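In this text the structure is predicted, and so the values were computed from the model without any measurement. Numbering of residues begins at 1 and proceeds along the displayed sequence.
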Amino acid sequence: QVQLVESGGGLVQAGGSLRLSCAPSGSIFNIVAMGWYRQAPGKQRELVATITGTSNTNYADSVKGRFTISRDIAKKMVYLQMDSLRPEDTAVYFCKVSRRLTGDLWGQGTQVTVSS
């Protein structure tokens, strides 16, 4: 079973930047979209950003202008550049790959903590 592995999380001061990466452990086919989600303590998981096979992007209002999603088609990787981080961005960040026919894959999550 292919797994997604996130990296790049950590502790950063408010106003700082982090870059998250998500890589598959094996081959993935029929990708429809890739995305990042996050879940803060006591809250539901929420969409952060998605990118489709045609490179259309979608962002949560709370991160527009600060976060940028991108992908490497050949490596089947997805990235999240996070700038101007705020304490309210603190959460576990998960990547997701949506596939045609075989459903979604989720990563195990990476912690992002922004100190004030």
Side-chain angles (χ1 to χ4, degrees):
Q1 178 71 9
V2 176
Q3 295 181 333
L4 300 177
V5 181
E6 299 103 334
S7 61
L11 174 63
V12 65
Q13 288 187 334
S17 298
L18 285 173
R19 185 176 188 245
L20 305 183
S21 299
C22 176
S25 61
S27 299
I28 302 181
F29 303 98
N30 299 316
I31 295 175
V32 175
M34 308 175 83
W36 289 94
Y37 294 72
R38 67 187 181 187
Q39 187 167 16
K43 295 187 177 181
Q44 290 188 332
R45 191 172 298 188
E46 62 177 4
L47 180 148
V48 176
T50 60
I51 184 167
T52 69
T54 53
S55 297
N56 290 322
T57 57
N58 181 50
Y59 294 92
D61 288 343
S62 59
V63 306
K64 283 181 181 176
R66 300 188 297 121
F67 290 10
T68 304
I69 189 169
S70 61
R71 64 194 177 107
D72 184 318
I73 297 174
K75 296 181 180 179
K76 306 290 177 68
M77 292 183 66
V78 62
Y79 307 95
L80 186 68
Q81 177 66 40
M82 304 186 295
D83 299 317
S84 302
L85 282 160
R86 305 168 180 170
E88 54 264 39
D89 295 319
T90 295
V92 178
Y93 284 69
F94 300 87
C95 70
K96 185 178 95 169
V97 171
S98 298
R99 301 176 295 177
R100 190 176 298 110
L101 302 178
T102 49
D104 297 339
L105 285 173
W106 286 91
Q108 82 290 348
T110 185
Q111 177 70 46
V112 171
T113 303
V114 184
S115 63
S116 57

*Does Thr90 have any side-chain hydrogen bond (donor to acceptor under 3.5 Å, both in side chains) partners at least two apart in sequence or in another chain, and if so, which?*
none
*Residues clustered with Leu47, ILVMFWY side-chain links under 4.5 angstrom*: Tyr37, Val92, Phe94, Trp106
*What residues form a side chain to side chain contact (heavy atoms under 4.5 Å, CB included) with Thr54, not counting sequence neighbours?*
Thr52, Asn56
*In the hydrophobic cluster built from side-chain contacts under 4.5 Å, what are the other members alongside Trp36?*
Val2, Leu4, Val12, Leu18, Leu20, Ile28, Ile31, Met34, Val48, Ile51, Tyr59, Val63, Phe67, Ile69, Val78, Leu80, Met82, Leu85, Tyr93, Val97, Leu105, Val112, Val114
*Just wondering, do Lys76 and Ser27 contact through their side chains at under 4.5 Å, heavy atoms?*
no
*Applying salt bridge (charged side-chain N to carboxylate O under 4.0 Å, His left out), which residue pairs with at least one partner in residues 51-64 are found, sequence neighbours left out?*
Asp61-Lys64
*Please name all residues satisfying side-chain hydrogen bond (donor to acceptor under 3.5 Å, both in side chains) with Ser84, sequence neighbours left out, ordered by chain then number.*
none
*Residue list, side-chain hydrogen bond (donor to acceptor under 3.5 Å, both in side chains) with Asn30, at least two apart or on another chain*: none
*Rounded to the nearest 0.5 Å, what separation is found between the OG1 atom of Thr68 and the OH atom of Tyr79?*
14.5 Å
*Is the backbone N or O of Gln108 less than 3.5 Å from a side-chain atom of Glu6, with the two atoms forming a donor-acceptor pair by type?*
yes
_Residue list, salt bridge (Lys or Arg N to Asp or Glu O under 4.0 Å) with Lys96, at least two apart or on another chain_ = Asp104
*With Arg66, which residues qualify under salt bridge (Lys or Arg N to Asp or Glu O under 4.0 Å), at least two apart?*
Asp89
*Got a sec, which hydrophobics cluster with Ile73, joining ILVMFWY side chains under 4.5 Å apart, including via others?*
none
_Between OG on residue Ser116 and CZ on residue Arg86, distance to nearest 0.5 Å_ = 14.0 Å
*Can you tell me how far the CE atom of Met77 sits from the OG atom of Ser21, to the nearest 0.5 Å?*
5.0 Å
_Can you list, by chain and residue number, the hydrophobic cluster partners of Leu11 when the side-chain cut-off is 4.5 Å?_
none
*Provide the full list of salt bridge (charged side-chain N to carboxylate O under 4.0 Å, His left out) pairs with a residue in residues 39-52, sequence neighbours left out, each pair given once.*
Arg38-Glu46
